[in-house]
Amino acid sequence: MKYQELVDVYSALEATTKRLEKTDIIADYLKKLDAETIGKVGLLLRGGVFPAWSSEEIGIGAKLVERAVAEAVGTTQANVEDAVRDEGDIGLACIKLYAKKSQTTFFSQPLTINFVFNSLQKLSKISGSRSTNRKISIILELLSQASATEAKYLTRTITEELRIGVGDGIVRDAIAQAFDIDNKVVERAQMLTNDFSVVATTALLEGASGLARLNLTPGTPVKPMLAQLSPPIAEIIPEIGTAICETKYDGIRLQVHRNGSEIKIFTRRLENITNALPEIVELFDENLPHEDYIVEGEVIATRDGKPLPFQNILHRVRRKYNVEEAMENVPLKLYLFDLLYYKEPMIDEPLMIRRKTLEEIVDTSDDAMNLSTMIVGTPDNIDEIEELFNSSIAAHHEGIMIKNASEPYIPGIRGKKMLKYKAEPETLDMIVVGGTYGIGKRGDFVGSYLVALRDDNDEFKTVAYAATGLDDATLEYLTGKMKELEISTKGREIVVEPKIVLEIAFSEIVESPEYETGYSIRFPVVKNIRKDKGPGDVDTVERLLSMYDAQ
Ligand code: AMP
C-alpha cells in the first residue's frame, strides 16, 4: 500500500472541518486496506506509530527534522528555518522547499505505508553515540524518496503535529462505519485496549464479535477515569444517593499492574515508572495476593508523617539514577482507592463491590500501604461527609472525592461518577503554545506564556497569557525548554511545539475575542509545571465553557 494514498487522505481531511465528512473519508479508505496495513493506518491517522498506552514516542526535535529537510532538498538549514517561519509550520515549509528542490532521485521506489511506519518506529529506538547521525539518515532516506505532499505529512508526523483535525472520536466512528459495527462496541474496545492498531485490525478480521472479546490486560495500562469539580456537598449527595467519599491526596496517581510474577507501575499518562519506585513494587508484592490485578491509588511523599508538596513526589518518580538515596530521603505512602482487575476484569462492577474486594485483598499492616480513608455518604449523614472534608484539610490533604457507589469504572472519561471537592481555587491544566520575551534586563527570558486548551479535535486553542507565579529559577528553566521546543521566533514572540503543561489558577472566566477559544481568564497565576502531564491531559475548551456557565 502506497504512502501517497494515505497522504491524499490526510490532505482531504485537512481540507474539511466537518466531522461527518472526515468520518466518511476515513471509513472509505479503511475499507480498501488489508490486515497488514490497517493497524498501522489506525495509528498513523492519530499522528503516531505507537498505541496510546505506550510511552514510546518518535522523540525527534524540530531542529533535527529541519536539518534532514535541508539535506534532502539541497539547501541550508537557515533556509529551512526561514521557510518554517514564513509558512508557520514544517509541513508547509516542505511544500515550498520541495518545489525548488535541486536534486531529484532517480529510480526511487514509491514509499509504502509499511516502510514509513517501520522507519518511524525505528527512530524511537536509536540511542547512544552517533545517534543523531543515525536518526538523520533514517529521516533522510524517507525524505529523499518523498513527494512534496509526502514530505509535508512525514515531517509533521515526525514532529508529532499532524494537524489534520482528527481526534480519537472520528477514528472510532470511521472504524464503526467502515465495518458496519455499532459505535458503542468500537468505543468500548478502544477504551479497554487504548490501541487503534488492535481495534482496526480486529474490526477488519473479526467484526463486532471480535471487538467485544477485547478486554483489559494486566500489564497494558488504561487511561484512568477522571474527576470533575463537585457542586456543594449538600446539593450533590441527594442526587447521587449513596456515595463513597474519600480523602483526596495531593500526590501522583498510580496504576499498578501484576501479570504473572511481573509488577509494573504506570502514571496517569500511562508512563511506565516501575524502575523509579522499587519500594512500591515490593510493597505490592508483599501485601497483595500473587494474582493478576490492576489497582489504582495515589502515592504521596511524607516527612515526619506529614505530606510533602507535590513537587517532591514528582522528583521521586522522575528519578533514573540514585534511586536508593532518593528512597531514604523521600519516603512514600500509598493510598489505594480502586480495583480494575482481579483475576478477571472488574470495571463493570459497581464501585462499592470493587472497593470491598480491594479491602479484602490488601494487607495494610505496613505503614506505607493504605486504603484511602473513606466513608459511605448518604443524604442522612451530610455532616459526617463535611467532617471528613474538614479533617482531610486539617491533615494537609487537598479535599475529598465524592464517587457514585453504584457506577462502573469507565476508562478515560471525565464525568459525574467521580467528583472532587477542594478548598483551593479552581485550576485548569493548559499547554504552552508560545510566549513573549521580556524587555530590558529581562530580555533573555520568556516572561509571559501563551497557554491553550484542547478542543474536540485535539487541537489547541489559546486562552490567555500567563506571567505571574514564576520565580527566577523557574523562568530560566521554562525559557530553556521553550528554546528546545522553538518552532519560530519573530521579534519578542516565540512559537513552540505544544509540550509544556502548566497548572493555572484564575479568578474568573470572561468572553474575549482576542483568543482562539473566544474566552479568557482573569488574573492567571502559574501554580505548577505539570511534568507528569502531557498534551493529551490538557483540559478541554468544553470544560472551560462548562465552568463559565457554572460561574
Ligand atoms: P484532579 O487531578 O484535580 O482532576 O483530581 C483528580 C485526581 O485526584 C485523581 O486523578 C487522583 O490522582 C487524585 N486523587 C487523590 N486522592 C484520590 C482518591 N481518594 N480517589 C481518587 N483520586 C484521588
Side-chain angles (χ1 to χ4, degrees), residues 221-230 243-256 265-271 273 294-302 307-310 313-314 317 332-340 351-352 354-355 358-359 362 364 369-377 385 388-389 391-393 395-405 407 409-430 453-454 501-506 527-534 536-540 542-544 546-547:
V222 273
K223 285 190 194 156
M225 180 156 86
L226 301 173
Q228 181 171 302
L229 203 62
S230 176
I244 290 190
C245 304
E246 302 170 31
T247 297
K248 182 179 196 301
Y249 304 91
D250 187 14
I252 286 185
R253 184 169 184 165
L254 299 183
Q255 198 175 81
V256 181
I265 308 175
F266 298 97
T267 63
R268 47 175 288 158
R269 283 178 63 194
L270 318 183
E271 251 177 295
I273 51 163
I294 305 175
V295 171
E296 277 193 349
E298 191 86 352
V299 61
I300 64 170
T302 57
L308 289 170
F310 164 79
I313 168 76
L314 199 60
V317 166
L332 302 179
K333 244 180 190 285
L334 268 173
Y335 293 92
L336 306 187
F337 54 74
D338 214 329
L339 182 65
L340 282 60
L351 173 61
M352 190 66 101
R354 303 199 306 273
R355 170 84 193 195
L358 183 64
E359 286 175 4
V362 181
T364 53
M369 177 60 94
N370 306 277
L371 289 152
S372 60
T373 302
M374 83 96 158
I375 60 168
V376 176
I385 306 173
L388 175 69
F389 176 76
S391 62
S392 299
I393 297 289
H396 308 280
H397 300 303
E398 261 195 312
I400 56 171
M401 305 293 298
I402 301 175
K403 306 172 183 176
N404 192 321
E407 290 283 356
Y409 186 103
I410 304 194
I413 62 142
R414 190 188 289 281
K416 274 199 152 182
K417 299 177 186 2
M418 182 158 127
L419 300 165
K420 55 183 172 184
Y421 190 74
K422 297 204 276 190
E424 285 274 310
E426 194 42 29
T427 62
L428 283 171
D429 294 323
M430 304 195 186
L453 292 168
R454 208 156 39 93
V501 180
L502 300 178
E503 181 182 345
I504 310 245
F506 51 89
K527 298 296 275 186
N528 270 311
I529 306 174
R530 293 300 302 243
K531 292 180 195 162
D532 61 324
K533 294 191 176 181
D537 298 308
V538 168
D539 277 309
T540 57
E542 194 189 340
R543 178 128 192 265
L544 179 82
S546 78
M547 287 166 85

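Note that these values count all heavy atoms, side chains included, but never hydrogens, waters or copies made by symmetry. Both counts, for ligands and for their atoms, begin at 1 and track the order of listing. Only a predicted model underlies this, so the values are computations on that prediction, with no experimental measurement involved.
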Report summary line: of all protein heavy atoms, closest to atom 20 (N) of ligand 1 is K403 NZ, 2.8 Å

Query raised in the report: Among side-chain atoms of E296 and Y409, is any donor-acceptor pair under 3.5 angstrom?
Result: yes

Requested in this report: Distance to 0.1 Å, residue and atom name: give those for the protein heavy atom nearest to atom 7 (C) of ligand 1.
Outcome: K248 NZ, 3.8 Å

Requested in this report: Specify the closest pair of heavy atoms between A227 and M401, including all atoms of both residues, with the distance to one decimal.
Outcome: CB-CE, 3.7 Å

Query - Donor-acceptor under 3.5 Å (R269 side chain, K533 main chain) - result: yes

Requested in this report: Look only at the side chain of D539 and the backbone of D429, and say whether a donor-acceptor pair between them is shorter than 3.5 Å.
Outcome: yes

Report summary line: Restricting to heavy atoms, the pick from E398, M374, R253, E503 nearest atom 10 (O) of ligand 1 would be R253

**Report entry** Region of T247 that comes within reach of ligand 1 [heavy atoms, distance under 4.0 Å]
**Finding:** backbone

Requested in this report: Using modelled atom types only, decide if a donor and an acceptor are shared between the side chain of R253 and the backbone of R268 within a distance under 3.5 Å.
Outcome: no

Query raised in the report: Should the proximity of K420 to ligand 1, defined as any heavy atom under 4.0 Å, be assigned to the side chain, the backbone, both, or neither?
Result: side chain

Query raised in the report: Which residue owns the protein heavy atom closest to atom 15 (C) of ligand 1, what's the atom, and how far is it?
Result: Y249 O, 3.0 Å

Report task. Could you list which atoms of ligand 1 come closer than 4.0 Å to a heavy atom of K422? Result -> 3 (O)

Report task. Run the contact test for Q228 against ligand 1 with a 4.0 Å cut-off on heavy atoms, strictly below, and give the result. Result -> no

Report task. Just say parallel, tilted or perpendicular for the rings of Y249 and H397, cut-offs at 30° and 60°. Result -> perpendicular

Report summary line: Filtering R268, M418, E246, E298 for the heavy atom nearest atom 13 (C) of ligand 1 leaves E298

Query raised in the report: Any idea which protein heavy atom is nearest atom 23 (C) of ligand 1, and the distance to it?
Result: F337 CE2, 3.7 Å

Query - Minimum heavy-atom distance between M418 and M225, given as atom pair plus value - result: CE-O, 3.5 Å

